[in-house]
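Reading through the structure tokens given below for one structure.
What you are looking at is a predicted structure, and each value in this text was computed from that prediction instead of being measured.
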Amino acid sequence: MTKLLSDILAKVPVVEQRGDIEINIQKIEFDSRKVSKGDLFVAVHGTNVDGHKFIDNAIDAGAVAIVSEKPPANNQQDVCMIQVDDSSRALAITASAWYDDPSEEIKLTGITGTNGKTTIATLLYKLYKSLGYKAGLLSTIRIYNNGEMIDATHTTPDALSINSYLREMADAGCQYVFMEVSSHAIQQNRIYGLEFDIAVFSNITHDHLDYHKTFENYIKAKKKFFDELPDTAKALVNSDDRNASMMLQNTKADKFSFALKKPADYKAKVIENSFEGLQLEVNNKSLWARLVGDFNAYNLLAVYGVANLLGFEEELILKHLSSLSPAEGRFEVLKAEDGRTAIIDYAHTPDALDNVLTSLGELDFERLVVVFGCGGDRDPGKRPLMGQAVAKHADLVVLTSDNPRHEDPEQIMHQVLPGLADCPRVMCNPDRRQAICTALESLGPKDALLIAGKGHECTQQIKDQKLPFSDEHVVLETLNP
């Protein structure tokens, strides 16, 4: 496939152009190592590397056109140089054009927030498959193109990958696509120019400050998603979150809300909460679902709201929601024949841990054991806060590793321990497998164990190695040897 450079650049605000744009482009690249003859290279400021430093490398590799933020210094007459104000936006626009604007052919829903993104997106995908529609999913756990699974490597892929996936989904006949939208992706303009029909805000808490530096910057990144929505879109926010109104301040989209506590367009009340599921009253109608905890009541309410905003009748939505299973590694309950219960959850922020543990506290068991750790090369400020969240609820904590990456696991645990000062009993073991086994061996038949932090993940990252590891597999091997 080739396209004219003039067509690819049609919607890109160009500051200066040198060279012929009526030329064929073989493909678009933002990594100079992947450039080959006839390509367009877009020089983007990355988190760690500035693509502008590799323009000459791209030209040597055969690039016939360059998009960059710096004034063209074109000494080679056979290379077209395009200057723009923001090359990350230019990459997103050209990526969309390259794949013939796939987001315009589908109903695209984006979900952002600190917690709940994966569950909301996955439940929406399952709901629409249950309703008989072709649907796509872009999530942390998996990418699905109408049932065909593709492994995901980031919460939100790069702009070229996103538009490639969306084109495949549109070509496969998907009418609806549900997509997690991370703060990194918003900030880096990976989703810029996509035609979202609905944007969902779940909540915002202390996370990703290793990247955003301040909580204010993190909020602004989330808000940017809503600021850039077209007036044809709908914005659905959790009005129980104190930052929800900020998300809606400058949006052109129609505004809707969901809540458990405050007045909202979509309102729910928790009637019963058990290991078997939730009994809810949603807009004065009854719903039983196979998910557990107040935090999942919010997730179900968001799904209900999106489906209703997309035009489906309330009774039909409720009927199908009751049959859905939770997302992989999200409050996943595993029970042994002797009564011991283990719950695997992805909770890896103070607020997410507090939500899961608060919900667990409403269930029927005698003693709560928690296994958790904190990721390396990530915001160290949340480590004692995560300890505090756990200490409020746990009878026993086994502190361990959670993707230590390039940090010393012992040092990470040392930074968590001050937050666990009020916990009745704390054990430390950097070997996550041993920590889980120790916790399981300590359980009585009426006790519960929460293993938090990794959820669906099937690797443990130590330095630059991703070693095979699954919390679920360790639990199953131990409970059912």
Side-chain angles (χ1 to χ4, degrees), residues 109-117 119-121 123-124 127 178 181 196-206 215 218-220 222-227 229-273 277-289 291-322 324 331 349 351-352 354-356 358-359 361-362:
T109 296
I111 302 99
T112 196
T114 306
N115 305 310
K117 296 187 296 293
T119 296
I120 294 169
L123 287 177
L124 280 164
L127 174 65
F178 306 101
V181 176
F196 285 95
D197 292 272
I198 297 180
V200 180
F201 169 71
S202 60
N203 52 64
I204 191 163
T205 61
H206 197 280
F215 190 55
Y218 182 39
I219 293 172
K220 285 180 179 177
K222 298 292 189 187
K223 183 178 181 296
K224 184 173 182 280
F225 179 34
F226 293 87
D227 289 350
L229 290 173
D231 57 11
T232 55
K234 296 178 174 68
L236 176 64
V237 300
N238 173 7
S239 59
D240 283 344
D241 188 285
R242 63 181 181 178
N243 292 295
S245 59
M246 189 179 297
M247 298 297 135
L248 300 177
Q249 278 179 353
N250 302 316
T251 189
K252 300 183 186 74
D254 290 336
K255 303 171 184 178
F256 299 88
S257 61
F258 65 96
L260 296 182
K261 301 170 184 175
K262 294 182 179 178
D265 298 292
Y266 301 100
K267 186 74 183 287
K269 180 181 179 182
V270 177
I271 306 301
E272 185 179 345
N273 182 19
L278 276 168
Q279 183 73 40
L280 301 177
E281 188 178 89
V282 180
N283 280 11
N284 299 317
K285 295 179 175 65
S286 181
L287 167 66
W288 183 88
L291 282 78
V292 182
D294 286 358
F295 64 98
N296 270 323
Y298 282 106
N299 295 333
L300 286 162
L301 200 48
V303 172
Y304 175 83
V306 169
N308 188 242
L309 291 174
L310 286 172
F312 287 86
E313 294 295 328
E314 294 178 346
E315 296 289 351
L316 183 64
I317 300 168
L318 293 171
K319 175 184 175 183
H320 285 267
L321 272 181
S322 65
L324 301 183
F331 213 95
T349 67
D351 189 65
D354 190 54
N355 285 340
V356 170
T358 298
S359 295
E362 298 167 359

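Taking 4.5 Å as the limit, every side-chain heavy atom of I271 sits out of range of all side-chain heavy atoms of L280. Between L291 and T119 there is a side-chain heavy-atom pair separated by less than 4.5 Å. Counting heavy atoms from C-beta on, the side chains of L321 and L324 come closer than 4.5 Å. Residues D294 and T358 fail the side-chain proximity criterion, which asks for heavy atoms closer than 4.5 Å. Looking only at side-chain heavy atoms (C-beta outward), I204 and D241 come within less than 4.5 Å of each other. Side-chain atoms of I198 and L310, non-hydrogen and from C-beta on, do get closer than 4.5 Å to each other. Taking 4.5 Å as the limit, every side-chain heavy atom of T109 sits out of range of all side-chain heavy atoms of L309. Using a 4.5 Å cut-off on side-chain heavy atoms (C-beta onward), K234 and D197 make no contact.
Expressed to the nearest 0.5 Å, how far CZ of F196 lies from CD1 of I111 amounts to 9.0 Å. Summarising the geometry, atom OG1 belonging to T112 is positioned 9.5 Å from atom CG belonging to N203; distances are rounded to the nearest 0.5 Å. Once rounded to the nearest 0.5 Å, the distance linking CD1 of I317 with CG of L300 reads 12.0 Å. Rounded to the nearest 0.5 angstrom, K223 NZ and M246 CE are separated by 8.0 Å. Here the CG-CH2 distance, from L318 to W288, works out to 14.0 Å after rounding to the nearest 0.5 Å. With rounding to the nearest 0.5 Å, the separation of CG in L123 from NE2 in H320 is 14.5 Å.
Counting only N and O atoms by type, the side chains of N299 and N296 include a donor and acceptor under 3.5 Å apart. Judged by distance alone, the side chains of E281 and S286 never bring a donor and an acceptor atom under 3.5 Å apart.
Using a distance-only test at 3.5 Å, with no hydrogens or angles considered, a donor-acceptor pair links the side chain of S202 to the main chain of N115. Judged by distance alone, with hydrogens and angles left aside, the side-chain atoms of T251 form no donor-acceptor pair with the main-chain N or O of D227 at under 3.5 Å. Under the 3.5 Å distance criterion, the side-chain polar atoms of N238 are left unmatched by any main-chain donor or acceptor of A244. Looking at K255, its side chain does come within 3.5 Å of a backbone N or O of L248 through a donor-acceptor pair. Judged purely by atom type and a 3.5 angstrom limit, K117 uses its side chain to pair as donor or acceptor with the backbone of G113. For N273 (side chain) and L278 (main-chain N/O), no donor-acceptor pair under 3.5 Å exists by modelled atom type.
Evaluation of the side-chain hydrogen bond (donor to acceptor under 3.5 Å, both in side chains) rule for D240 yields Y298 as partners, not counting sequence neighbours.
For residues 300-319, the set of pairs meeting the salt bridge (charged side-chain N to carboxylate O under 4.0 Å, His left out) definition, not counting sequence neighbours, comprises K285-E314.
In summary, the aromatic rings of F201 and F225 are positioned with their centroids too far apart to meet the 6.0 Å limit.
T114 and Y218 get closest at one heavy-atom pair: OG1-OH, 2.9 Å.
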Taking only distance into account, with no hydrogens and no angle test, what donor-acceptor pairs under 3.5 Å do side-chain atoms of residues 261-268 form with protein atoms, sequence neighbours excluded?
{"unit_1": "K262", "atom_1": "NZ", "unit_2": "S239", "atom_2": "O", "d": "3.4"}
{"unit_1": "D265", "atom_1": "OD2", "unit_2": "S257", "atom_2": "N", "d": "2.9"}
{"unit_1": "D265", "atom_1": "OD2", "unit_2": "S257", "atom_2": "OG", "d": "3.4"}
{"unit_1": "Y266", "atom_1": "OH", "unit_2": "N308", "atom_2": "OD1", "d": "2.8"}

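Across L127, L124, N283, a single residue satisfies side-chain contact (heavy atoms from CB on, under 4.5 Å) together with Y304, and that is N283.
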